[in-house]
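Working notes, structure below.
Ligands are counted one by one from 1 in listed order, and the atoms in each one are counted from 1 as well. Starting from 1, each residue takes its place in the sequence as its number.
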Amino acid sequence: MNEEPTLVVSKIRNGTVIDHIPAGKALDILSVLGIAGKEGLRIAVLMNVESKKLGKKDIIKIEGKRLSPQDVSAIALIAPTATINIIEDFAVVEKYKVTVPNIVVDVLACPNPTCISNKKGELVRTRFKLVSGNPLKLQCEYCGTIISGDEVVKFVIKRK
Ligand code: CTP
Ligand code: ZN
């Protein structure tokens with residue numbers, strides 16, 4: 001009787017559930033995944049719902065979507081507590097926690113316009129070294145430019 005009201009959202013058949021997202025970060029994650037809502041994917045976004053581990057959390061359920069390794073790295077930079085659940089025929093067939101790699105390859109664009117990784121015609125994949133986890137700091141291996149946690153969303157390379 002004294003229980004908090006819960007927000008009931010249906011299970012998905014096939015796709016990906018990104019769970020244990022820090023409260024308030026779901027929209028940043030949709031942004032780095034390049035999802036604006038016009039793609040026609042069926043998506044449920046839950047924000048500020050009760051979590052035993054985190055107090056409050058966000059959840060994103062995306063029907064029919066598989067994440068690339070770059071997607072998972074980008075999620076880890078924004079939501080280090082996130083869990084990825086792969087759903088097939090309503091069952092969780094794979095579950096893992098995201099991790100921030102020590103070298104983040106081909107996920108972030110360098111903010112420095114003169115960096116070799118921004119030269120047209122050069123097929124250089126961007127490489128950022130994790131110099132600090134909390135607060136988050138990443139450094140371009142080519143030019144030394146630093147990206148901090150609050151800038152990550154701005155510099156994630158959007159792909160389709
Ligand atoms: N989920 C879903 N559709 C399914 C299966 C699971 O949307 N067909 C969602 C659940 O609602 C939950 C997440 O995927 O948000 C993980 O599901 P599950 O492993 O069953 O839940 P928990 O055991 O509570 O997960 P955890 O231990 O990671 O907290
Ligand atoms: Zn650079």
- Query: Between Met47 and Leu27, is a side-chain contact (heavy atoms from CB on, under 4.5 Å) present by the stated rule, with each step listed?
  - Reply: CA-CA 9 Å; Met47 297 183 73; Leu27 297 181; 4.2 Å; yes
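For Glu94 and Arg66, the salt-bridge test fails: no basic side-chain N is under 4.0 Å from an acidic carboxylate O. Note on Glu63 versus Arg13: no salt bridge recorded, every NZ/NE/NH1/NH2 to OD/OE distance being 4.0 Å or above.
Protein residues having a heavy atom under 4.0 Å from any atom of ligand 1 are Lys11, Ile12, Val17, Asp19, His20, Lys53, Lys61, Asn85, Ile87, Phe90, Val92, Lys95, listed by chain and number.
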Can you give the donor-acceptor pairs under 3.5 Å from side chains of residues 95-110 to other protein atoms, not counting sequence neighbours?
from, atom 1, to, atom 2, distance (Å)
Lys95, NZ, Asn85, OD1, 2.8

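For the Zn ion (ligand 2), the set of protein N/O/S atoms nearer than 2.8 Å consists of Cys110 SG, Cys115 SG, Cys140 SG, Cys143 SG, ordered by chain and number.
Using a 4.5 Å heavy-atom threshold, the side chains of Ile18 and Ile21 count as touching.
By the rule that hydrophobic residues join a cluster once side-chain heavy atoms approach within less than 4.5 Å of another member, Leu138 and Ile29 end up as members of one cluster. Residues Ile12 and Ile59 are members of one and the same hydrophobic cluster, defined by side-chain heavy-atom contacts under 4.5 angstrom among Ile, Leu, Val, Met, Phe, Trp and Tyr.
Membership of an apolar cluster is not assigned to Ile157, as no side-chain contact below 4.5 Å to another ILVMFWY residue is traced.
Side-chain polar atoms of Ser31 and Asp28 form no donor-acceptor pair below 3.5 angstrom.
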